[in-house]
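In this text the structure is predicted, and so the values were computed from the model without any measurement. Below, each value reflects all heavy atoms present in this structure, side chains not excepted, and no hydrogens, waters or symmetry copies.
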Amino acid sequence: MAEAQKVDDRARASEPGVSGLDRFFRISERGSTLPREIRGGFATFFTMAYILVLNPIILGSAKDKFGHQLDPVQLTTATALVAAVMTVIMGVAGNLPLALAAGLGLNAVVAFQIAPLMSWDDAMGLIVLEGLLICVLVVTGLREAVMHAIPQPLKQAISVGIGLFIAFIGFVDAGFVSRIPDAANTTVPVQLGGTGTLGGWPILVFCLGVLLTIALLARKVKGAILISIVTMTAVAMIIDSLADVKSWGLTTPAWPDKVVDTPDFGLLGHFSLFGAFGETTAITVVLLIFTLILSDFFDTMGTVVGVSAEAGLLDEEGRVPHLGRVLLIDGAAAAAGGAASASSATSYIESAAGVGEGARTGLANLVTGGLFALALLFTPLLTIVPLQAAAPALVAVGFLMMTQVKNIEWDRYEIAIPAFLTIAVMPFTYSITNGIGAGFVAYVLIKIVLGRAKEIHWLLWGTSALFLVYFAIDPIEQILGVR
């Protein structure tokens with residue numbers, strides 16, 4: 001969103017007669033209104049609701065060392081519960097429109113890398129340990145210090161990279177872009193649609209959704225993103241009832257047979273804090289925890305900075321308000337996810353959809369968290385939004401976040417090259433952490449070769465060294481005999 005538009009929004013939202021709710025969440029002060037916060041909360045939920053389907057699929061499809069599998073119904077309940085509780089806590093205590101849920105990527109590490117080495121209880125215990133260690137880093141001030149040590153241009157590059165990444169997620173989730181099968185024997189990794197062309201009703205819903213969203217944004221219609229999601233969900237339901245659609249992917253836009261379902265809390269509390277040390281070597285456990293912490297640490301950092309920047313909440317030095325509190329809640333969410341057997345919970349970049357809808361405070365989180373809580377009972381009803389109807393919001397938000405690229409000094413190579421690598425690596429490797437790592441390492445290297453190593457903050461030295469270990473983790477494991 002352009003700076004002029006943000007200033008204009010603040011001016012219009014500052015009206016006399018401030019309520020207690022307004023004062024607590026600083027709604028008018030941040031240039032928002034109650035309707036915007038509510039719309040933003042709904043938009044964030046609808047762009048995140050897929051996790052209620054996807055997390056149980058990822059975790060439920062894997063077996064632990066002893067051949068045990070987690071129950072999908074219990075996983076759905078655990079996923080919704082952790083998302084609801086931690087999102088509300090972030091809203092009330094952190095006052096940021098930043099929702100939390102089971103982290104994609106992290107859940108895959110748990111399912112396919114950690115669980116085969118130990119029991120599910122032991123694997124979830126590692127997640128709890130990871131979350132507790134992150135909380136220790138926050139309490140000691142190290143995590144916040146690292147974020148403050150990052151040069152402002154790199155923070156802006158992180159926001160832009162996340163914008164491209166989230167737009168790419170939208171294109172991929174909708175099926176507009178797909179991976180070319182290995183059997184095709186081509187060096188081109190992705191293609192248009194599933195066969196090189198666009199085909200099928202679901203893709204049509206996505207394309208119409210993108211066109212509707214950008215048209216509404218261009219007209220500055222209030223609620224543009226949410227209007228698009230709701231409208232295209234209705235269109236998808238009509239199409240599904242009239243046409244022969246082979247597959248919508250994870251979510252079929254059809255009215256469910258059962259609207260209300262009973263939650264099953266059977267997985268809560270099933271974790272063993274130190275059981276992993278008895279199932280595999282201590283070196284393996286340490287490396288697994290290191291990988292989890294590094295991924296969670298910098299994914300969150302990028303998400304918090306990116307979403308806060310898009311919301312116009314960073315101060316003159318590019319700092320996030322109440323950052324220490326926000327990071328502590330995020331660390332606690334990781335531990336809570338492990339304790340509930342839902343995998344590590346983390347801040348969601350899809351929160352940018354709510355920001356794009358106008359959310360600027362934690363009040364939007366109360367709406368998002370409330371909807372996740374309702375999902376405990378109404379999961380069949382609240383998951384009828386197909387990805388093709390929600391994904392246009394991600395594309396639109398990608399554009400909004402991309403506008404910050406103008407603030408990067410592209411004629412200064414010591415800034416421009418790390419910024420470029422940060423921006424490019426995120427979508428190309430499908431990882432926020434990888435993009436941040438590439439930017440950090442490049443920044444330190446260029447400062448060294450220019451003879452300006454003294455300008456590098458000592459925390460950037462340390463994190464860049466950790467990223468070198470992160471990128472070289474496979475040969476390091478081989479050298480140590482872990483594999």
Note, D122 side chain near L126 side chain (heavy atom, < 4.5 Å): no
Separation between NZ of K155 and CG of N407, rounded to the nearest 0.5 Å: 14.0 Å
Heavy-atom check, side chain of V304 versus side chain of L323, under 4.5 Å: yes
Student check: side-chain heavy atoms of I329 and M86 closer than 4.5 Å: yes
Sequence-distant partners of K65, salt bridge (Lys or Arg N to Asp or Glu O under 4.0 Å), two or more places apart: E279
T213 and V395: CA distance, side-chain angles, deciding distance, side chain to side chain contact (heavy atoms under 4.5 Å, CB included) verdict: CA-CA 9 Å; T213 304; V395 176; over 6 Å; no
Check: T361 side chain, L363 main-chain N or O, donor-acceptor pair, under 3.5 Å: yes
E357 side chain to A43 backbone, donor-acceptor under 3.5 Å: no
Pair D330 + R325, salt bridge at N-O below 4.0 Å: no
Qualifying salt bridge (charged side-chain N to carboxylate O under 4.0 Å, His left out) pairs with a residue from residues 223-251, counting only residues at least two apart or across chains: none
Spacing of I225 atom CD1 and L212 atom CG [to the nearest 0.5 Å]: 11.5 Å
Flag for T300-T346: side-chain donor and acceptor within less than 3.5 Å: yes
Distance-only side-chain donor-acceptor flag, T44 / E350, under 3.5 Å: no
Donor-acceptor contact below 3.5 Å, side chain T231 vs main chain S228: no
Geometric class of the F168/Y430 ring pair [parallel <30°, tilted 30-60°, perpendicular >60°]: perpendicular
Over 12 foreign heavy atoms within 6.0 Å of CZ, F25: yes
Q388 side chain near D173 side chain, heavy-atom distance below 4.5 Å: no
Least distance between heavy atoms, S343 atom then I127 atom: C-CG2, 4.1 Å
Taking every non-hydrogen atom, the tightest pair across D64 and H68: OD1-N, 2.8 Å
Nearest-0.5 Å distance that lies between atom CD1 in I384 and atom CZ in F378: 13.0 Å
Evaluation steps, side chain to side chain contact (heavy atoms under 4.5 Å, CB included), between L421 and M426: CA-CA 8 Å; L421 289 174; M426 280 190 196; over 6 Å; no
Main-chain N/O of A334 paired with E130 side-chain donor or acceptor, under 3.5 Å: no
Separation of L288 CG from L129 CG (nearest 0.5 Å): 11.5 Å
Geometric class of the F206/F171 ring pair [parallel <30°, tilted 30-60°, perpendicular >60°]: perpendicular
For A102 against I51, the heavy-atom pair lying closest together: O-CD1, 3.5 Å
side-chain hydrogen bond (donor to acceptor under 3.5 Å, both in side chains) between E310 and S159, worked out: CA-CA 8 Å; E310 177 55 27; S159 298; over 6 Å; no
Gap separating the OG1 atom of T79 from the CG atom of L59, nearest 0.5 angstrom: 7.0 Å
Side chains of T197 and T195, donor plus acceptor under 3.5 Å: yes
Side-chain heavy atoms of W248 within contact of L387, under 4.5 Å: no
Exercise: do D22 and S19 side chains pair donor with acceptor under 3.5 Å: no
Heavy-atom pair with the smallest gap, counting every atom of N95 and G362: OD1-N, 2.9 Å
Nearest heavy atoms of T76 and P56, plus distance in Å: OG1-CG, 3.4 Å
Test side chain to side chain contact (heavy atoms under 4.5 Å, CB included) applied to L75 and D71, step by step: CA-CA 6 Å; L75 282 170; D71 180 80; over 6 Å; no
Minimum-distance pair of heavy atoms, taken over all atoms of L164 and P427: CB-CG, 4.1 Å
Sidechain-backbone polar pair: R360 side chain, V355 backbone, donor-acceptor under 3.5 Å: yes
Side-chain heavy-atom pair L374, L371 within 4.5 angstrom cut-off: yes
Any side-chain heavy-atom pair of M237 and W255 under 4.5 Å: yes
Side chain N365, main chain T87, donor-acceptor under 3.5 Å: yes
Working for side chain to side chain contact (heavy atoms under 4.5 Å, CB included), residues F46 and L226: CA-CA 9 Å; F46 283 124; L226 185 57; 3.9 Å; yes
K406 side-chain N/O to T403 backbone N/O, donor-acceptor pair under 3.5 Å: yes
Distance in Å, Q404 CD paired with I423 CD1, rounded so as to fall on 0.5 Å steps: 10.0 Å
Check against side-chain hydrogen bond (donor to acceptor under 3.5 Å, both in side chains), D264 and T77: CA-CA 6 Å; D264 187 340; T77 299; over 6 Å; no
Crowding at CZ, F420 (>12 non-hydrogen neighbours, <6.0 Å): no
Validation row: L192, L198 side chains within 4.5 angstrom (heavy atoms): yes
Heavy-atom donor-acceptor pair, S308 side chain to V305 backbone, under 3.5 Å: no
